[in-house]
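Residue numbering restarts at 1 for every chain, and letters A, B, ... go by the order of the sequence lines.
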Protein chains: 2
Amino acid sequence: MSGPRPFANALELLRNAGLRPTRQRLALARLLFDQGDRHVTAEQLHAEVLTASMPVSLATVYNALHQFVGAGLLREVVVNPGRSYFDTNVSDHHHFFLEDAGKLVDIPGDRIDVANVPAPPAGTAIRRVDVIIRVEREPA
Amino acid sequence: MSGPRPFANALELLRNAGLRPTRQRLALARLLFDQGDRHVTAEQLHAEVLTASMPVSLATVYNALHQFVGAGLLREVVVNPGRSYFDTNVSDHHHFFLEDAGKLVDIPGDRIDVANVPAPPAGTAIRRVDVIIRVEREPA
DNA sequence: TTCTGTTTTAGAACTATTCTAATCTGTTGA
DNA sequence: TCAACAGATTAGAATAGTTCTAAAACAGAA
Ligand SMILES: [Mn+2]
Ligand SMILES: [Mn+2]
Ligand SMILES: [Zn+2]
Ligand SMILES: [Zn+2]
């Protein structure tokens, strides 16, 4: 019956991940995980945390993002050269990429079938399958 | 019965694309299109053209690559943040990405079925569907 | 508290790419 | 044949995103 308990969640999240719950990491974790699924860039998150009047350096934002990826709390999505997106949805799913707006939109994993995938090259194993559907503003 | 005629092909290719057949563009087109399908980075291609003792500036390599993409002779493949690959195979196909080696391997378009693709967000149209299968060296 | 290893930080460094503006070249048509 | 001119090339500077460095701050243990 009680609502979400943001602070406790972030604290637990970091503890579980074996990361010291510093002020900076708590602030970033709350911004990332207290809302629904998100796709953010490092600079976006940095701007957000400053706006929330919790100054965190950009280096710390990058450090935290990579630690969160390493802990399986985030995944990195590559759609654009020269800019990474970090995705709070770590379940099996795919993406629309709205090129004009630079926005990612989730496609649930079970809404797409990737069938007949050939065997990977000798000596390699599949780590992940990414389907990116690039969409553009519809011609009028 | 005659073998391939590289020079004539590159010349024709550029003419068809509405691009002046300069020495630099001819050299780059030959390197790109006279062999089978290729996936190169700008720096790789630059190194190749220098080795072929045809000095071309890096700026020109980038200019030409983008012009070739615009003309539909190449497609850009994004798998890594901070580095673009250019693909001479412009037919409908997908990729294995060997993360350890930084190499792309083609998967013919008809070898993969992407089914049940949901409708794109309102006001947008699908431009392209990219399937990237990330593989890693198999654990021994 | 004090201590110790971890984290944060400002700013420098780095990498891939793009830009600038001066020079050069391919093409055209007199 | 050769100006003339638009288009192409170039070296080097600039930019953008990210990573690195090494010094200061901090969290947690004792
Ligand atoms: Mn990264
Ligand atoms: Mn590009
Ligand atoms: Zn997602
Ligand atoms: Zn390819």
Nearest-neighbour nucleotide for the A:A42 side chain, D:dA27, C:dT9, D:dT18 considered: D:dT18
Just the rounded figure in Å: distance from P of C:dA16 to CZ of B:F86. 13 Å
Would you say D:dC26 has OP1 or OP2 under 4.0 Å from some side-chain N or O of A:R20? no
Taking all atoms of both residues into account, what is the closest heavy-atom pair of B:I126 and B:P120, and its distance? CG1-CG, 4.0 Å
Length of the CD-P vector between A:Q44 and D:dT18, whole Å: 11 Å
Atom NE2 of B:H46 and atom P of D:dA11: how far apart are they, to the nearest Å? 8 Å
Can you find a side chain N or O atom of A:S57 that sits less than 4.0 Å from OP1 or OP2 on C:dT8? no
C:dT25 phosphate, OP1 or OP2: any side-chain N/O from B:Q24 under 4.0 angstrom? no
Please set out all donor-acceptor pairs under 3.5 angstrom arising from side-chain atoms of residues 96-118 of chain A, sequence neighbours excluded.
residue	atom	partner	partner atom	Å
A:E99	OE1	B:R127	NE	2.5
A:E99	OE1	B:R127	NH2	3.3
A:E99	OE2	A:R134	NH1	3.4
A:E99	OE2	B:R127	NH2	3.2
A:D100	OD2	A:R137	N	2.6
A:D106	OD1	A:H39	NE2	2.8
A:D106	OD1	A:H93	NE2	2.9
A:D106	OD1	A:H95	NE2	3.1
A:D106	OD2	A:N89	ND2	3.0
A:D113	OD2	B:N116	ND2	3.0
A:N116	ND2	B:D113	OD2	2.9

Is any side-chain heavy atom of A:L32 closer than 4.5 Å to one of A:L65? yes
Integer-rounded Å distance: C:dA16 P and B:L65 CG: 15 Å
Protein-nucleotide distance (A:M54, atom CE; C:dT7, atom C1'), rounded to Å: 12 Å
For the pair made of CG in B:L58 and P in D:dA8, what is the distance, rounded to whole Å? 19 Å
B:N63 has an atom CG; how far is it from atom C1' of C:dT23, in whole Å? 15 Å
Out of D:dT10, C:dG11, C:dG26, whichever nucleotide has its closest atom nearest the side chain of A:A59: C:dG11
Heavy-atom closest pair, residues B:V61 and B:A42: CG1-O, 3.7 Å
Could you tell me the separation between the CZ atom of B:R25 and the P atom of D:dT10, rounded to a whole number of Å? 11 Å
Does a nitrogen or oxygen in the side chain of B:R23 sit under 4.0 Å from OP1 or OP2 of D:dT9? no
Note: B:L13 and B:A29 closest approach over all heavy atoms is CD2-CB, 4.4 Å
Note: B:S57 and B:H46 closest approach over all heavy atoms is C-NE2, 3.8 Å
Identify the heavy atoms of B:A64 and B:L28 that sit nearest to each other, and give their distance. CB-CD1, 3.6 Å
Review item, nucleotides 13-17 of chain D N/O atoms under 3.5 Å of protein N/O:
residue	atom	partner	partner atom	Å
D:dG17	OP1	A:R83	NH1	2.6
D:dG17	OP1	A:R83	NH2	2.6
D:dG17	O3'	A:G82	O	3.4

Would you please confirm or rule out a distance under 4.0 Å between OP1 or OP2 of C:dT18 and any side-chain N or O of B:H66? yes
If you look at every strand shown and take non-hydrogen atoms under 4.0 Å, does B:T22 touch a base, only sugar-phosphate, or nothing? sugar-phosphate
